[in-house]
Amino acid sequence: QVQLVESGGGLVQAGGSLRLSCAASGRTFGGYHMAWFRQAPGKEREFVARINWSGSSTYYADSVKGRFTISRDNAKNTVYLQMSSLKPEDTAVYYCAASRVTTTKDQGYDYWGQGTQVTVSS
């Protein structure tokens with residue numbers, strides 16, 4: 001069992017930066033691949049970025065590539081999403097998720113956090 005709690009969301013102007021954190025409980029955090037997804041109002045949830053269990057491999061959606069960086073600290077049971085050059089279209093609720101497999105499909109993730117709101121003003 002893994003419980004996930006996101007933090008770090010907020011209101012930021014376009015061009016600004018935010019760092020999201022996702023704290024995990026459970027002794028097996030290091031065995032899970034982690035990802036960030038987001039859901040904007042009226043839209044389906046979409047994949048943002050994922051990182052493998054060791055942190056040696058990452059993958060990004062084209063829409064955030066070069067602007068967002070996913071990382072993890074297994075000693076702290078935490079995964080991060082550093083977001084830079086934010087755009088109004090990045091406005092969404094951001095969720096972290098844990099999976100035993102590497103996938104960009106939300107159906108492949110077993111555990112989800114409650115989400116944190118990110119709002120980017122123009």
Side-chain angles (χ1 to χ4, degrees):
Q1 186 89 9
V2 177
Q3 294 182 326
L4 305 172
V5 179
E6 301 96 336
S7 62
L11 173 64
V12 63
Q13 289 188 333
S17 299
L18 278 176
R19 188 177 81 155
L20 305 183
S21 299
C22 173
S25 65
R27 295 177 296 173
T28 59
F29 172 75
Y32 284 87
H33 308 299
M34 301 295 296
W36 288 93
F37 288 80
R38 66 186 182 186
Q39 187 167 22
K43 295 187 177 181
E44 293 187 353
R45 186 164 55 191
E46 64 173 356
F47 167 79
V48 175
R50 65 167 172 79
I51 187 167
N52 72 334
W53 69 271
S54 68
S56 64
S57 175
T58 58
Y59 183 78
Y60 298 90
D62 287 343
S63 59
V64 306
K65 199 174 297 181
R67 300 188 297 122
F68 291 11
T69 301
I70 188 171
S71 62
R72 67 189 295 163
D73 185 337
N74 286 347
K76 295 182 178 180
N77 281 8
T78 303
V79 62
Y80 305 96
L81 185 68
Q82 178 67 48
M83 306 185 293
S84 303
S85 301
L86 283 161
K87 305 174 181 180
E89 51 263 45
D90 294 318
T91 295
V93 177
Y94 282 71
Y95 300 89
C96 68
S99 174
R100 288 290 193 184
V101 300
T102 55
T103 179
T104 61
K105 305 296 184 184
D106 57 0
Q107 301 95 319
Y109 286 80
D110 305 303
Y111 302 103
W112 293 83
Q114 83 290 348
T116 186
Q117 177 70 47
V118 172
T119 303
V120 184
S121 63
S122 58

Would you say [X]'s side chain and [Y]'s backbone share a donor-acceptor pair under 3.5 angstrom?
| X | Y | answer |
| --- | --- | --- |
| Tyr59 | Val48 | no |
| Glu44 | Gln39 | no |
| Gln82 | Arg19 | no |

Separation between [atom1] of [X] and [atom2] of [Y], rounded to the nearest 0.5 Å:
| X | Y | atom1 | atom2 | value |
| --- | --- | --- | --- | --- |
| Met34 | Ile70 | CE | CD1 | 7.5 Å |
| Cys96 | Glu6 | SG | CD | 4.0 Å |
| Arg72 | Thr58 | CZ | OG1 | 12.0 Å |
| Gln1 | Ser25 | CD | OG | 8.0 Å |
| Gln13 | Ser121 | CD | OG | 5.0 Å |

Transitive ILVMFWY side-chain link Phe68 to Phe47, under 4.5 Å:
no

Same apolar cluster: Tyr80 and Met83, side chain cutoff 4.5 Å
no

Give a yes or no on whether [X] atom [atom1] has more than 12 heavy-atom contacts from other residues, nucleotides or ligands under 6.0 Å away.
| X | atom1 | answer |
| --- | --- | --- |
| Tyr111 | OH | yes |
| Lys105 | NZ | no |
| Gln3 | CD | no |

What are the two closest heavy atoms between Asn74 and Ser54, and how far apart are they?
ND2-CA, 4.5 Å

Inspect the contact between Asp90 and Lys87 and indicate whether a charged nitrogen and a carboxylate oxygen are less than 4.0 angstrom apart.
no

Quick check on ring pair (Phe, Tyr, Trp, His ring centres under 6.0 Å): which of Tyr94, Tyr109, Tyr95 does Phe37 satisfy it with?
Tyr109

Test the Arg100-Trp53 pair against the cation-pi criterion, namely NZ or CZ under 6.0 angstrom from the six-membered ring centroid and within 45° of the ring axis.
no

